[in-house]
Amino acid sequence: MRKSFLMNDRIYLRAVEPEDMDIMYEMENDPSLWDISNFTVPYSRYVLRQYIEGSQCDIFADKQLRLMILRKSDHCVLGTIDITDFAPLHSRGEVGIAIHKDYRQQGYATDALRLLCEYAFDFLSLSQLYSHVATDNEVCIKLFTSCGFVQCGLLKNWLQVENTYKDAIIFQCLNPTKQ
Ligand SMILES: CC(=O)SCCNC(=O)CCNC(=O)[C@H](O)C(C)(C)COP(=O)(O)OP(=O)(O)OC[C@H]1O[C@@H](n2cnc3c(N)ncnc32)[C@H](O)[C@@H]1OP(=O)(O)O
């Protein structure tokens, strides 16, 4: 029987829909999330609408993949997870994740990252996923470590946050079937 991807017994991941505009607007414009991303400016609804309309949700066409994380029982949006900087030649992409503050500490990020890895490796056949995590983001370090990512480097002064620089860990997860 064909395996179903992007779903477990608690959550599922799906493409961004126009009705996600409000929660995306709230999360993209939360300054506490800016230092963990490369955002430097607020996102307007206009820009988000253009992004949603322009996205084919095909990593090979878009060179990135953004998925919404939803709870299965009531279809509540919990957060987002994405693969960016997809490099087809090297078959790798960078993972980013954010869970809305109301739904943290319930294992949803762990579920979502595991589902994304399964989809990336078993369906898309990517060779590897990687991420950059600030050394003081202890929750995120636990998250990536528990999902099989391995620390493979340390970038000094990688993130500028409020006039200071933070180091970032590079995590890698290699597709076990491609080694
Ligand atoms: C590469 C990147 O994307 S870096 C940026 C990551 N995103 C952010 O920092 C945005 C703001 N933070 C968030 O959105 C969330 O806190 C996330 C995505 C980091 C974690 O989401 P959650 O759903 O809360 O994580 P989840 O419940 O799956 O827990 C992951 C691990 O962290 C631990 N954890 C979660 N919250 C806490 C906490 N407040 N204190 C200590 N440990 C915690 C969990 O016990 C678990 O560890 P374990 O597997 O060893 O038991």
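Atoms within a ligand are numbered from 1 in the order they appear, just like the ligands themselves.
Every side chain to side chain contact (heavy atoms under 4.5 Å, CB included) that L154 has, sequence neighbours left out, goes to T135, K156, D167, I169.
Residue-to-ligand polar distances keep F144 apart from ligand 1: every N/O pair is separated by 3.5 Å or more. Looking at ligand 1, you won't find any N or O of H132 less than 3.5 Å from one of its N or O atoms. Not one N or O of Y103 is nearer than 3.5 Å to an N or O of ligand 1, by distance alone. In terms of polar-atom proximity, A98 is not counted as a contact of ligand 1, lacking any N or O under 3.5 Å from an N or O of the ligand. In terms of polar-atom proximity, defined here as any N/O pair under 3.5 Å, S131 makes no such contact with ligand 1. The shortest N or O to N or O distance between A109 and ligand 1 is under 3.5 Å. An N or O contact shorter than 3.5 Å links I99 to ligand 1 by distance.
The side chain to side chain donor-acceptor pair (under 3.5 Å) contacts involving residues 11-23 comprise Y12-H75, R14-D20, D22-R45, where partners must be two or more places apart or lie in separate chains.
Using a 4.0 Å cut-off to heavy atoms of V95, the atoms of ligand 1 that qualify are 1 (C). Those atoms of ligand 1 with a heavy atom of G96 less than 4.0 angstrom away are 3 (O). Atoms of ligand 1 found under 4.0 Å from any heavy atom of T110 (numbered from 1 in listed order, with element): 26 (P), 28 (O), 29 (O), 30 (C). With ligand atoms numbered from 1 in the order given, ligand 1 contributes 49 (O) to contacts under 4.0 Å with heavy atoms of S146.
At least one side-chain heavy atom of I81 sits less than 4.5 Å from a side-chain heavy atom of L113.
Ring to ring, F123 and F5 are close: their centroids are under 6.0 angstrom apart.
Hydrophobic cluster membership differs between L174 and L124, with clusters built from Ile, Leu, Val, Met, Phe, Trp and Tyr side chains linked at under 4.5 angstrom. With hydrophobic clusters built from ILVMFWY side chains whose heavy atoms lie under 4.5 angstrom apart, V95 does not share a cluster with V150. Y130 and V133 fall into different hydrophobic clusters, where Ile, Leu, Val, Met, Phe, Trp and Tyr are joined by side-chain heavy atoms under 4.5 Å apart, directly or via other members. Cluster annotation: L155 and L159 are assigned to the same hydrophobic cluster (Ile/Leu/Val/Met/Phe/Trp/Tyr, side-chain heavy-atom contacts under 4.5 Å, transitive).
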